[in-house]
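In what follows, a structure is listed as C-alpha cells, so that the remarks can point back to it.
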Amino acid sequence: MLAMDYRGPKRVRVSQKPMPEIKHPEDAIVRVTRSCICGSDLHLYNGNVPDTRVGTTFGHEFIGVVEEIGSEVTKLKVGDHVLVPFNIACGRCHFCKQGLFGNCHESNPMATAVGGIFGYSHTAGGFHGGQAEYVRVPYANVGPTVIPEGMDPDDAVLLTDVVPTGYQAAEMGGIQPGDTVVVFGAGPVGIMAAKCSWLFGAGRVIVIDHVDYRLEFVRNYAQCEAYNFREMEDPVVFIKKTTDWMGADVVIDAVGAEAAGNTMQTITGRKTLMQAGSATALHWAINSVKKGGIVSIVGVYGPTDNLVPIGNVLNKGLTIRANQASVKRLLPRLIEHVQNGILNPKALITHRIPLEEVADGYRLFSAKLDNCIKPVLIPPSARM
Amino acid sequence: MEHLKKDYSHIKGWGIDADPQNDPTYPMKPHRTDAEQSGYSWERPTQQPVDVEILHSIERPNISAVFGTASPPSGLSGVIRRFAFKYSENSYLHWLPLILADRVNVVEGIIDDMKHGHVPNIFEEKGYKAEWKHDKVGLLTKFAVAAALVAGVVVLLSKKNEDDYDEDDD
Ligand SMILES: [Zn+2]
Ligand SMILES: [Zn+2]
C-alpha cells in the first residue's frame, strides 16, 4: 500500500509499505478515505519532536472504512465508515474513566506524559498514522465513531482533531458570558477556537497572527476581530490598550512551539534547540491575560525545558489549563453542532491533494503557500 | 456586564454552551474509591504480544497494553535510543540523546536507500515542486543563499536574525 514516509527534517515521500495487520484483539484495519496534514505535523516535519524515527508514517486526522476487525471488536463492523479521534484510548484506565481520553495510560509505553497518538513519533507510542491507504486502529471499540448518515466526509475528518481541539481550547478557558477572549494563532485550530468561543458566550473575540490571508479568513469565518502582530509594536501592550488596560479575561495559545515573532525565542528555540521550540505565544498569553485570568493552551510544545515566565503566572494568580483534546468526550455535542449548522468545519479545507503528492502538500502547508489553511490528502484507493 | 446588551443574534449558536459552572471547567475529579487511589487498579486490556523491541519509559512499570510497531530501534541510532531510555522523561539524558539519534537515523535512512539501489530525490522529498509553483522568488532566494553559503560567504548570520524567515527555511 502507499503511505507517507518520513525521511528526515523537511524530507518526506510516499512509499510502498506493507499492509498493516491486526496486532491486538481490539484492533481494526481501516481503509483511509481522507486524511489531513495538521499544524502539529509540522513539528514532526521540521524534526523538532524527539524520537521521530525515519520510516514512520504521519497523520492523526483521518476517516475511513473498516476493512477488518480483531476478535474482541464488537462496536464496529466491516464496511462502517468511521471518523477516528487522534488520541488512542483504552476506555478503562484511570484517566479514560475521567473522560481524559487524551491522557490514556494504556496506549503509549514510551512516555507517561502523553497518551498514544496516530503517526506522532515514538514519543506518542510509535504508531503509524493515517496519511496512507490503510491504517491499524487500536482500541476500535472506544475511539472510532460511525459517521452519521448524511454527514459530509470533509466535515467528519475535521472532527478527528481540529474541531474538538478548538472547542476544548475555548472550554478550558472557562469563558463566561461577556468575556473578552484572545486567541494567538490563526491556523485551523485557532480559527476553530475563535469560532467556538462564541458558543460559550464570549463578548469579544480577538485573533492575533502574522499571516494576512489567515487573518482575513478568520475574520470572515469566526466573525471576530483579527490583527497582525507584525503591524504592532508589542502585541501584549496592544491587548492591554484595547481592553481598557486590564488584559483579556481568557487567552488561548493555539500556536505552540513553532511560533514566530521573537528573535531570542527563535534562536534559542527553533535554530539552536536550546529549548524545545520557541515559547513566544505562551509568553504573550501569560503577559496579556488579565490578573486572575485563564490561559488555555492547545499549541504543542516539546518535552524539554521552555523558558516560560512562570514567575508571572504566580504573580498574576493565573489559572493555566492545557491538554490534548479528549475528542471522544466531545464528539456527541460537536456532531450535533455540525448537524445543526452551528459549526461548518469543512469550510476550512482549502486544498485537496493526492496522497502521492504528500511532499508538495507538506511544503505548501508549512510554507503557507497559495493561501493554504487546511490541506486534505486523498489516497488513490479512495478516488476510484 | 454593560457589553452584554449587545446583540449577538448574528452569531449562530451564541452562548449555546455557556455554563456558569464551567469555571475553571472540566474535568472535575470524580469521587474515587480507595481501590482507585492505588496505582494500576483498573482491569487492564489484553496485552499486545511484544514481538518487536519496545523501549519503555522508566516512569511506568510495564509496557502499555497496546503500542505501535512503526520503526523498532536499529543501528547506531538504536544504540543511542536504548541509552536514552535508561533515563526518565524528567532528564535531559533522555531527550537530548533522542534528538541526536533522530539525526543519526536520517543518515542511516539515506544509506539504507542507497543499499536498496534507491537514490533519494531530495528536490521532490522537500516538496520544492510546490514551492516552485507558488513561490519562485522564495525558492530561488533560498537556493541563492545556500549557494552563497557553500561559497563561504557569511550571508547566514544576517539572515538568521530575522524571524520572518519562519519555519520554511532549510
Ligand atoms: Zn491535528
Ligand atoms: Zn485509557
Side-chain angles (χ1 to χ4, degrees), chain A residues 7-8 10-13 23-25 46-47 50-56 90 92-94 98-100 106-113 125-128 138 171-172 174 177-178 198-201 203 223 258 260-261 263 266 271 294 303-304 319 321 342 359-360 362-364 366-367 369-370, chain B residues 1 3-4 11-18 20 22-27 30 36 42-46 48 54-57 59-60 63-71 89 92 95 98-99 102 105-106 108-109 120 122 124-131 134-135 160-161 163 166-168 170:
Chain A
R7 304 312 300 175
K10 293 170 178 135
R11 274 183 54 221
V12 302
R13 65 181 182 229
K23 304 243 181 214
H24 183 269
N46 291 329
D51 218 355
T52 302
R53 301 181 194 170
V54 167
T56 51
C90 74
R92 70 206 88 165
C93 73
H94 184 78
Q98 287 182 63
L100 295 167
E106 290 288 7
S107 56
N108 176 13
M110 285 98 178
T112 55
F127 296 92
H128 279 307
E171 184 198 46
M172 288 193 301
W198 296 118
L199 306 189
F200 291 92
Q223 297 138 296
E258 300 285 325
T263 306
T266 301
K271 302 299 179 192
I294 298 177
T304 44
T319 299
R321 308 209 71 224
I342 304 261
D360 289 333
Y362 268 89
R363 174 60 66 173
L364 192 87
S366 80
L369 302 170
D370 199 27
Chain B
M1 291 241 169
H3 40 290
L4 272 188
I11 291 169
K12 234 186 218 179
W14 186 84
I16 198 171
D17 289 336
N22 183 19
D23 191 12
T25 162
Y26 196 88
E36 282 170 333
W42 59 90
E43 201 180 309
R44 299 196 61 215
T46 315
Q48 176 182 336
I54 294 298
L55 299 170
H56 84 91
S57 166
E59 291 182 38
R60 53 179 303 139
I63 287 181
S64 57
V66 308
F67 49 84
T69 53
S71 302
E89 293 159 70
Y92 277 119
W95 298 112
L98 284 178
I99 292 172
D102 288 351
N105 200 190
V106 171
E108 290 170 337
I122 305 285
E124 206 173 282
E125 289 179 352
K126 282 185 168 281
Y128 283 146
K129 212 172 70 198
E131 194 151 351
H134 298 288
D135 185 18
K160 280 258 163 174
N161 283 332
D163 289 330
D166 245 348
E167 29 295 61
D168 58 313
D170 292 306

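Note that these values count all heavy atoms, side chains included, but never hydrogens, waters or copies made by symmetry. The chains referred to below are lettered A, B, ... by the order of the sequence lines, with proteins before strands, and numbering in each begins at 1.
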key: Exercise: identify the closest heavy-atom pair between B:A130 and A:D360   = N-OD1, 3.3 Å
remark   = Between A:R53 and B:N105, the two heavy atoms sitting closest are CA-OD1, 3.4 Å
request  = Count the heavy-atom pairs under 4.5 Å between each of B:S57, B:P20, B:A70, B:G15 and chain A, then report the option with the highest count.
outcome  = B:A70
Heavy-atom pair count under 4.5 Å with chain B, highest-scoring of A:P138, A:C90, A:S107 = A:S107
remark   = Okay, B:Q48 and chain A: the region with an atom under 4.5 Å from a heavy atom over there is both
remark   = Among A:C93, A:P25, A:A359, the residue with the most heavy-atom pairs under 4.5 Å to chain B is A:C93
Which atom of B:E59 lies closest to which atom of A:T112, heavy atoms considered = OE1-OG1, 3.3 Å
task = Please name all residues satisfying salt bridge (charged side-chain N to carboxylate O under 4.0 Å, His left out) with B:E125, sequence neighbours left out, ordered by chain then number.
result = A:R11, A:R13
task = To the nearest 0.5 Å, tell me how far B:W14 CH2 sits from A:L199 CG.
result = 11.0 Å
ask   = Can you say whether A:D51 sits under 4.5 Å from chain B via the side chain, the backbone, both, or neither, judging by heavy atoms?
value = both
ask   = Considering residues, nucleotides and ligands other than B:E124, do more than 12 of their heavy atoms fall under 6.0 Å from its CD?
value = no
ask   = Any side-chain heavy atom of B:I54 sitting closer than 4.5 Å to one from A:M110?
value = yes
Between CG on residue B:D135 and CG on residue A:L364, distance to nearest 0.5 Å = 10.5 Å
task = Taking all non-hydrogen atoms of both residues into account, name the closest pair between B:V106 and A:R7 and its distance.
result = CG1-O, 3.7 Å
ask   = What distance do A:L369 atom CG and B:H134 atom NE2 have between them, rounded to the nearest 0.5 Å?
value = 6.5 Å
NZ/NE/NH1/NH2 to OD/OE distance under 4.0 Å, B:E43 and A:R92 = no
ask   = Of the listed residues (A:P109, A:G201, A:G125), which shares the most heavy-atom pairs with chain B below a 4.5 Å separation?
value = A:P109
remark   = Greatest number of non-hydrogen atom pairs under 4.5 angstrom with chain A, of B:I63, B:L98, B:D102, B:T46, falls to B:D102
note = side-chain hydrogen bond (donor to acceptor under 3.5 Å, both in side chains) filter on B:T69, not counting sequence neighbours, yields none
note = Note: B:S71 and A:V54 closest approach over all heavy atoms is OG-O, 3.4 Å
Top of A:G8, A:A113, A:G126 for chain B proximity - count of heavy-atom pairs under 4.5 angstrom = A:G126
query = Which atom names give the shortest non-hydrogen contact between B:E131 and A:R363, and what distance separates them?
reply = OE1-CD, 2.9 Å
